[in-house]
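Computed from heavy atoms alone, side chains included, the values below leave out hydrogens, waters and symmetry copies.
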Amino acid sequence: MNMDFLRKLPIPADIKEQFPVTEEIKAIKQQRDAEIQAIFTGESDKFLLVIGPCSADHEASVLDYVSRLAVLQEKVKDKIVIVPRIYTNKPRTTGQGYKGMVHQPNPAQKPDMLEGIIAVRRLHTRAISETGLTCADEMLYPENHRYLSDLLSYVAVGARSVENQQHRLTASGLDIPVGMKNPTGGDFSIMLNAIIAAQSQHTFLYRGWECYSHGNPLAHAILRGSSNKHGQSIPNYHYEDVVRLYDMYAKKGLENMAVVIDTNHSNSDKKYLEQIRISREIMNSRNYNPDMKKFIKGLMIESYIVDGCQKVEEGTYGKSITDPCLGWEKSERLVLDIADMVK
């Protein structure tokens with residue numbers, strides 16, 4: 001094989017034993033999980049916002065950001081459930097660039113995956129204990145999920161991973177909402193097939209174990225836009241797109257029909273300020289049609305402390321080092337406006 005095996009990493013059980021969660025954190029997660037699940041089952045009329053940096057990069061600024069969200073959550077708690085986006089694994093289109101905190105706990109230094117695993121567990125733990133908010137992360141590597149499985153309240157499977165069998169089967173064994181993004185090519189049927197797989201029972205290989213999953217009824221769709229053969233972004237957040245997905249979804253007979261719409265990525269062509277307009281259009285679509293009100297459960301918004309993005313070496317506090325994000329003032333105003341539109 002053309003690779004070097006550097007060291008054997010601790011298994012998730014050992015990391016969890018070394019860095020355990022408190023009874024207080026367990027109680028917070030149980031309450032938050034129930035509140036979020038109720039949105040997807042239709043028992044709650046609240047709206048979900050998965051919001052935060054494109055990638056979690058520095059512990060201090062991410063926790064600063066999440067603490068601001070906690071204050072904002074109190075202002076909108078009657079209408080909105082905020083799930084901070086703490087994405088510690090960053091997919092890269094070409095495999096180049098910053099791959100997230102699990103690879104590089106310090107973006108300016110070389111990869112160290114042991115330190116990365118410890119850093120992401122510490123970050124998610126601190127976020128809960130210091131703000132009372134449980135968070136979302138992307139399941140870029142299915143085998144890594146167990147390192148955080150007792151901390152997360154929401155998981156996303158990305159556009160490049162949604163066709164992967166291991167992601168689908170791992171999702172079928174989780175007991176929290178798992179959002180399946182449409183693939184980069186935009187085919188809704190691929191995303192719906194992933195949801196069918198995630199909602200079904202399976203026997204499969206996971207981390208050296210023969211596992212049996214019971215199916216995850218909280219698996220659902222995420223619309224994130226797509227790209228055509230020329231590499232041009234094609235949005236799919238418009239009313240007609242969501243209605244088409246609704247009709248396709250209904251024919252499948254799946255549980256808890258739901259979609260969360262990503263306002264950035266190919267929906268905005270990564271023009272981060274467009275997230276404000278896109279969010280408002282989606283809320284108008286939701287309020288126009290009773291079926292859409294039940295179907296559109298939430299939004300994903302990329303947001304941080306400072307507008308835009310930067311190179312790693314620039315070092316501006318709270319500014320994304322991957323995709324550009326809305327700054328705090330614009331984000332706070334947008335969340336308050338969305339709350340006013342939740343009916």
Side-chain angles (χ1 to χ4, degrees), residues 29 32 36 47-76 80-91 98 100-102 107 119-140 148 151-158 176-179 181 222 224 260-265 267-268 270 272-273 275-276 278-279 297-310 316-336 338-339:
K29 177 169 159 53
R32 287 268 296 173
I36 295 165
F47 195 65
L48 188 76
L49 285 184
V50 181
I51 181 169
C54 173
S55 59
D57 46 21
H58 294 93
E59 183 174 291
S61 53
V62 170
L63 289 172
D64 179 355
Y65 176 86
V66 175
S67 69
R68 299 180 192 206
L69 283 183
V71 175
L72 186 55
Q73 173 67 93
E74 280 300 303
K75 296 179 181 179
V76 298
I80 288 176
V81 175
I82 292 176
V83 179
R85 174 189 165 106
I86 299 183
Y87 279 23
T88 57
N89 302 280
K90 177 62 182 173
Y98 179 63
M101 188 177 282
V102 76
V120 301
R121 185 164 177 84
R122 182 177 63 238
L123 175 57
H124 276 284
T125 302
R126 285 191 63 189
I128 301 172
S129 63
E130 294 175 21
T131 71
L133 299 179
T134 48
C135 303
D137 206 338
E138 180 169 354
M139 189 166 67
L140 181 58
L148 297 174
L151 296 167
L152 299 179
S153 283
Y154 187 94
V155 166
V157 173
I176 57 175
V178 177
K181 288 196 171 186
I222 300 174
R224 50 85 72 200
V260 172
I261 303 179
D262 183 343
T263 63
N264 213 16
H265 296 100
N267 270 332
S268 69
K270 295 189 178 180
Y272 69 97
L273 292 173
Q275 293 183 101
I276 299 170
I278 291 167
S279 296
K297 300 294 187 180
L299 300 176
M300 285 188 164
I301 298 170
E302 290 199 321
S303 158
Y304 209 178
I305 296 171
V306 178
D307 277 336
C309 63
Q310 64 179 334
T316 300
Y317 178 84
K319 190 172 185 178
S320 175
I321 60 172
T322 46
D323 290 347
C325 298
L326 281 178
W328 176 251
E329 290 77 13
K330 295 182 181 71
S331 301
E332 182 179 37
R333 182 70 262 162
L334 179 58
V335 172
L336 294 172
I338 291 170

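Using modelled atom types, one side-chain atom of Gln275 and one backbone atom of Glu302 make a donor-acceptor pair closer than 3.5 Å. When atom types are taken as modelled, the side chain of Arg85 and the backbone of Val50 share no donor-acceptor pair closer than 3.5 angstrom. The backbone N or O of Asp262 lies less than 3.5 Å from a partner atom in the side chain of Asn267, making a donor-acceptor pair. Judged by distance alone, with hydrogens and angles left aside, the side-chain atoms of Thr316 form no donor-acceptor pair with the main-chain N or O of Lys319 at under 3.5 Å. In this structure, Gln310 contributes its side chain and Thr322 its backbone to no donor-acceptor pair below 3.5 Å.
A side-chain N or O of Asp64 and one of Tyr317 form a donor-acceptor pair less than 3.5 Å apart.
Minimum interatomic distance between Val81 and Arg32 (heavy atoms only, all atoms of both residues): CG1-NH1, 3.9 Å. The minimum heavy-atom distance linking Ile51 with Leu69 is given by the pair O-CD1, 3.8 Å. Closest of all the heavy-atom pairs between Thr88 and Ala56 is CG2-CB, 4.2 Å. In this structure, Ile82 and Leu133 approach most closely via the heavy-atom pair O-CD2, 4.3 Å. The nearest pair of heavy atoms linking His124 to Ile86 is NE2-O, 3.4 Å. Ala156 and Met300 get closest at one heavy-atom pair: CB-CE, 4.1 Å.
More than 12 heavy atoms of other shown residues, nucleotides or ligands fall within 6.0 angstrom of atom NZ in Lys29.
Aromatic pair Trp328/Tyr304: centroids not less than 6.0 angstrom apart.
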Practice prompt. Give the C-alpha distance, both sets of side-chain angles, the deciding distance and a yes or no for salt bridge (charged side-chain N to carboxylate O under 4.0 Å, His left out) between Lys75 and Glu332.
Written response: CA-CA 10 Å; Lys75 296 179 181 179; Glu332 182 179 37; 3.6 Å; yes

